[in-house]
Amino acid sequence: QVRLVEDGGAWVQPGDSLRLSCAASGLSFRTSAMAWFRRAPGKEREFVSAISGTDGGSPTASADSVKGRFAISRDSAKDTLYLHMNNLKPEDTAVYYCAARASWRTRMRETGYEYWGQGTQVTVSS
């Protein structure tokens, strides 16, 4: 019943910006912690960023590789999660996945999230 649908992936040049979105349904979006993970070619899926449920004040956490460049946010009125990506680098090329868990508290481990979207492709190349 839970559905997460990512959108916004594209082919962009290094230094460009992009915004990914994740439309959620079938769960209590406001009280659910949300996260973005990514899987680059030949690599394991890795944590990108997470945001807690709104009742927890929506604190965020990000991987060192994207701090200062990416920002995660959520819009409870639209049940939508966002990832704002700036100064994109070729190493950011990956399939980006939206994830959710039935708790307000975030986790950085893939196993901490029970719901997943199908992913959206981001390619950064000249």
Side-chain angles (χ1 to χ4, degrees):
Q1 187 172 351
V2 175
R3 187 181 182 193
L4 304 175
V5 181
E6 302 95 335
D7 196 14
W11 176 34
V12 299
Q13 295 184 321
D16 283 356
S17 297
L18 201 60
R19 187 184 75 169
L20 306 183
S21 64
C22 171
S25 61
L27 80 165
S28 181
F29 179 80
R30 181 180 60 82
T31 60
S32 298
M34 306 289 293
W36 290 97
F37 289 78
R38 67 185 181 186
R39 185 186 296 277
K43 298 178 64 177
E44 298 180 348
R45 186 154 58 183
E46 65 177 358
F47 171 78
V48 176
S49 189
I51 184 168
S52 71
T54 56
D55 287 349
S58 300
T60 63
S62 297
D64 289 342
S65 60
V66 305
K67 285 182 178 178
R69 298 190 299 118
F70 292 6
I72 190 171
S73 65
R74 62 194 301 156
D75 187 339
S76 294
K78 298 180 179 179
D79 285 358
T80 300
L81 177 75
Y82 299 99
L83 183 66
H84 309 264
M85 311 165 74
N86 297 313
N87 191 25
L88 284 161
K89 304 177 182 296
E91 51 263 43
D92 294 319
T93 296
V95 176
Y96 284 72
Y97 297 90
C98 174
R101 65 193 304 265
S103 173
W104 67 268
R105 192 183 300 272
T106 61
R107 293 288 185 271
M108 296 184 184
R109 295 174 293 179
E110 178 179 340
T111 55
Y113 296 85
E114 56 260 54
Y115 307 116
W116 293 84
Q118 293 298 306
T120 185
Q121 177 71 49
V122 173
T123 302
V124 185
S125 175
S126 298

Of all heavy-atom pairs between [X] and [Y], which one has the smallest distance, and what is that distance?
| X | Y | result |
| --- | --- | --- |
| S65 | R38 | OG-NH2, 3.5 Å |
| S58 | T54 | OG-CA, 3.4 Å |
| M108 | F37 | O-CE2, 3.9 Å |
| I51 | T106 | C-CG2, 3.2 Å |
| S52 | G57 | OG-C, 4.4 Å |
| V122 | G9 | CG2-CA, 4.1 Å |

Scan S73, C22, C98 and name whichever one has a side chain to side chain contact (heavy atoms under 4.5 Å, CB included) with Y82.
S73
Main chain of [Y], side chain of [X]: is a donor-acceptor contact present, judged purely on distance under 3.5 Å?
| X | Y | value |
| --- | --- | --- |
| R30 | S76 | no |
| T93 | V124 | yes |
| R107 | A50 | no |
| E114 | A102 | yes |

[atom1]-[atom2] distance between [X] and [Y], expressed to the nearest 0.5 angstrom:
| X | Y | atom1 | atom2 | value |
| --- | --- | --- | --- | --- |
| S17 | N87 | OG | CG | 7.5 Å |
| T80 | L4 | OG1 | CG | 10.5 Å |
| I72 | L20 | CD1 | CG | 10.5 Å |
| D79 | R74 | CG | CZ | 9.0 Å |

May I ask you to check whether over 12 heavy atoms, not counting those of Q118, lie within 6.0 Å of atom CD?
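No, CD of Q118 has 12 or fewer neighbouring heavy atoms, counting only those of other groups under 6.0 Å.
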Would you say R39 has more than 12 foreign heavy atoms packed within less than 6.0 Å of its CZ?
yes
Can you hop from [X] to [Y] via hydrophobic side chains spaced under 4.5 Å?
| X | Y | result |
| --- | --- | --- |
| M34 | W116 | no |
| V12 | V95 | no |
| W36 | V2 | yes |
| Y96 | L81 | yes |

Going by the rule side-chain hydrogen bond (donor to acceptor under 3.5 Å, both in side chains), which residues pair with [X] if we only count those two or more places apart in sequence or in a different chain?
| X | value |
| --- | --- |
| D16 | none |
| K67 | D64 |
| S49 | S62 |

Distance alone, cut at 3.5 Å: any donor-acceptor contact between the side chains of R101 and Y113?
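No, because no side-chain N or O of R101 sits under 3.5 Å from a partner of the opposite role on Y113.
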Given side chains that start at C-beta, do those of E44 and E110 come closer than 4.5 Å, heavy atoms only?
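In short, these two side chains do not touch, never coming nearer than 4.5 Å.
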